[in-house]
Amino acid sequence: MEHHVRTRCGSVSVIVYGDQHKPALITYPDLALNHVSCFQGLFFCPEAASLLLHNFCIYHISPPGHELGAAPICPSASARCVDDLADQILEVLNFFGLGAVMCMGVTAGAYILTLFAMKYKKRVIGLILISPLFRAPSWTEWFYNKVMSNLLYFYGMCGLLKELLLQRYFSKQEACGNTEVPESDIVQACRRLLDERHGSNVMQFLQAINGRPDLTSGLKRLRCRTLIFVGNSSPFHSEALHMTSKLDRRFSALVEVQACGSMVTEEQPHAMLIPMEYFFMGLDCIDFAISVTAQGAP
């Protein structure tokens, strides 16, 4: 069921799956994605769906203008910063009468949820972060994002922009294909879903993320349980490793997934199953690090 929650920074789309009497798990996708294009692989995996839906009611939160069928955001609308997006999550939780929740976010979405956990510590049970960001953009990322912003401004969701986004999400060799290996089904499906995004909507989220502050100083004080997944081919692989080194090891764990890009939820959802099961079952004992391979995934 889809709900449109009015917040002080505009309306937010929330898709609710499952029994609302169960504990809540909220999700937040990466740039230009929503729950379909970012989490469908994980929730369509029968074992993962069983694990998650058995334990939680799922609340898929879309960044403003990223939901299915979203109208273009008016160019004159005031720009939102990352703090606004984190505060919107609090308003969503209050709208549904939720207390402390589990959070799952991918890359830019992982940053928003980490910021939310720092601002509202009592509202977060744990974090599951996939290829997360936590530092301010490097000069390289800042310039790369500026190029994408210019493409969005002048050309909208053009072919070049979609290629840049697909390189952000997926491992090049395993998912994006080449002259000898055709493009995978998940990349083709994601490409079609990107066609539905409005350039102005994506640009607002991109500008917020490109102006994000560094969260390093607050990571040691983050006491909620944190499980990090990252693909070894992700452009944000080193970012995830560095974030793990800054977290309190008593409360955090890292899972590196071989033959995978940033979006582990789509490329290798099976690799998430056993770590998540241990995370949910033994939240008091998660000071471990695991390396899994595609062949070793259940």
Review point. Checking side chain to side chain contact (heavy atoms under 4.5 Å, CB included) for the pair Leu165/Met157: CA distance, chi angles, key distance, verdict?
Key: CA-CA 10 Å; Leu165 288 171; Met157 292 298 291; 4.0 Å; yes

Practice item. Would you check, one step at a time, whether the test side chain to side chain contact (heavy atoms under 4.5 Å, CB included) holds for Leu164 with Leu151? Key: CA-CA 11 Å; Leu164 293 175; Leu151 287 171; 3.9 Å; yes

Revision key, fill the gap. When rounded to the nearest 0.5 Å, the distance separating OG of Ser37 from CG of Leu194 is 6.5 Å

Practice item. State whether the side chain of Ser252 and the backbone N or O of Arg250 hold a donor-acceptor pair below 3.5 Å, judged by distance alone. Key: no

Check your understanding: Applying the 4.5 Å side-chain criterion to the ILVMFWY set and letting contacts propagate, would Tyr169 and Val36 be lumped into a single cluster?
Key -> no

Check your understanding: What pair of heavy atoms forms the shortest contact from Pro137 to Asn210, and how long is it?
Key -> CG-O, 3.3 Å

Check your understanding: Which atom names give the shortest non-hydrogen contact between Phe205 and Pro63, and what distance separates them?
Key -> CE2-CG, 3.5 Å

Check your understanding: Under the 3.5 angstrom rule, does the side chain of Lys22 hit a backbone N or O of Leu53 as a donor-acceptor pair?
Key -> yes

Check your understanding: What class does the angle between the rings of Trp142 and Trp139 fall in, given that below 30° is parallel, 30 to 60° is tilted and above 60° is perpendicular?
Key -> perpendicular

Review point. Roughly how far, to the nearest 0.5 Å, is the CZ atom of Phe116 from the CG atom of Asp83?
Key: 12.5 Å

**Study point:** Distance-only polar pair, side chains of His4 and Glu67, donor-acceptor under 3.5 Å
**Key:** no

Practice item. Check whether any side-chain N or O of His35 sits under 3.5 Å from a backbone N or O of Ser62 as a donor-acceptor pair, and report yes or no. Key: no

Check your understanding: Do side-chain atoms of Lys246 reach the backbone of Met243 as a donor and acceptor pair under 3.5 angstrom?
Key -> no

**Study point:** Shared hydrophobic cluster, Phe143 / Leu152 (ILVMFWY, side-chain heavy atoms < 4.5 Å)
**Key:** yes

Check your understanding: Would you find more than 12 non-hydrogen atoms of other residues, nucleotides or ligands less than 6.0 Å from His54 atom NE2?
Key -> no

Point to revise | Where Ser131 and Gly261 come nearest, the two heavy atoms and their spacing | key: OG-O, 4.2 Å

Revision key, fill the gap. In short, side chain to side chain donor-acceptor pair (under 3.5 Å) pairs touching residues 98-113 with sequence neighbours left out are none

Review point. Is the side chain of Thr265 donor-acceptor paired with the backbone N or O of Cys38 at a distance under 3.5 Å, no angle test?
Key: yes

Exercise for review: Any chance you could measure Leu31, atom CG, to Asn145, atom CG, to the nearest 0.5 Å?
Suggested key: 7.5 Å

Practice item. Apply side chain to side chain contact (heavy atoms under 4.5 Å, CB included) to Leu227 and Met276, showing your working. Key: CA-CA 8 Å; Leu227 176 60; Met276 284 197 303; 4.3 Å; yes

Exercise for review: Would you check if Ser262 and Phe170 make a side-chain contact, meaning some heavy-atom pair closer than 4.5 Å?
Suggested key: no

**Study point:** From Lys146, Arg135, Arg212, residue fulfilling salt bridge (charged side-chain N to carboxylate O under 4.0 Å, His left out) relative to Glu141
**Key:** Arg212

Check your understanding: When you look at Asp87 and Arg8, which way does the salt bridge (Lys or Arg N to Asp or Glu O under 4.0 Å) test go after all the steps?
Key -> CA-CA 9 Å; Asp87 291 343; Arg8 66 175 183 83; 3.2 Å; yes

Practice item. Answer yes or no: is there a side-chain heavy-atom contact under 4.5 Å between Thr114 and Leu215? Key: yes

Exercise for review: I would like to know whether Phe236 and His242 meet side chain to side chain contact (heavy atoms under 4.5 Å, CB included); could you show each step before the answer?
Suggested key: CA-CA 10 Å; Phe236 309 106; His242 192 61; over 6 Å; no

Practice item. State, yes or no, whether a side-chain contact exists between Phe280 and Met102 at a heavy-atom distance under 4.5 Å. Key: yes

Revision key, fill the gap. By side chain to side chain donor-acceptor pair (under 3.5 Å), Ser13 pairs with (sequence neighbours left out) Glu2

Review point. Would Leu52 and Phe44 show up in the same hydrophobic cluster when neighbours are defined by side-chain heavy atoms closer than 4.5 Å?
Key: no

Revision key, fill the gap. To the nearest 0.5 Å, atom CD of Gln268 lies from atom CG of Leu273 at 11.0 Å

Practice item. Would you indicate whether the side-chain heavy atoms of Phe95 and Leu93 approach each other to under 4.5 Å? Key: no

**Study point:** Under 3.5 Å: donor-acceptor pair, side chain of Asn55, backbone of Leu51
**Key:** yes

Review point. Do the side chains of Tyr17 and His60 get nearer than 4.5 Å, heavy atoms only?
Key: yes

**Study point:** Residues Lys162, Asp195: salt bridge by 4.0 Å N-O rule
**Key:** yes

Review point. Judged by atom type as modelled, is there a donor-acceptor pair below 3.5 Å linking the side chain of Arg249 to the main-chain atoms of Ser245?
Key: no

Check your understanding: Any sub-3.5 Å donor-acceptor pair from Asp30's side-chain atoms to Gly109's backbone N or O?
Key -> no

Check your understanding: Under a 4.5 Å cut-off applied to non-hydrogen side-chain atoms, are Val16 and Phe96 in contact?
Key -> yes

Exercise for review: Decide whether Leu206 and Leu193 are clustered together by the hydrophobic rule: side chain heavy atoms of Ile, Leu, Val, Met, Phe, Trp, Tyr closer than 4.5 Å, transitively.
Suggested key: no

Check your understanding: Do Asn150 and Tyr155 have a side chain donor and acceptor closer than 3.5 Å?
Key -> no

Check your understanding: Hey, does the side chain of Thr244 reach the backbone of Ala240 with a donor-acceptor pair shorter than 3.5 angstrom?
Key -> yes

Check your understanding: Just wondering, do Met104 and Leu129 contact through their side chains at under 4.5 Å, heavy atoms?
Key -> no

Review point. Considering only heavy atoms from C-beta outward, does the side chain of Ile89 approach that of Leu85 to under 4.5 Å?
Key: no

Review point. Do Arg223 side-chain atoms and Phe251 backbone N/O form a donor-acceptor pair below 3.5 Å?
Key: no

Exercise for review: For Cys57 and Asp19, work out which heavy atoms get closest and say how close.
Suggested key: CB-O, 3.0 Å

**Study point:** Flag for Gln258-Asn232: side-chain donor and acceptor within less than 3.5 Å
**Key:** yes

Point to revise | Common cluster, Tyr144/Phe154, ILVMFWY with side-chain heavy-atom separation under 4.5 Å | key: yes

Study note, to complete from the structure: When every non-hydrogen atom of Leu98 is compared with those of Arg123, the smallest separation belongs to O-NH2, 2.6 Å

Point to revise | Lys220 atom NZ, over 12 foreign heavy atoms within 6.0 Å | key: yes

Exercise for review: Rounded to the nearest 0.5 Å, what's the gap from CZ on Arg221 to CE on Met118? Could you check?
Suggested key: 7.5 Å

Practice item. Pick out which of Leu42, Val106, Val230 makes a side-chain contact (heavy atoms from CB on, under 4.5 Å) with Ile130. Key: Val106

Review point. So which heavy atom on Ala208 is nearest to which on Val82, and how close?
Key: O-CG1, 3.3 Å

Practice item. Decide whether Ser171 and Glu267 meet the rule of one side-chain donor and one side-chain acceptor closer than 3.5 Å. Key: yes

Exercise for review: Nearest 0.5 Å please: distance from the CZ atom of Phe39 over to the CG atom of Asn34.
Suggested key: 10.0 Å

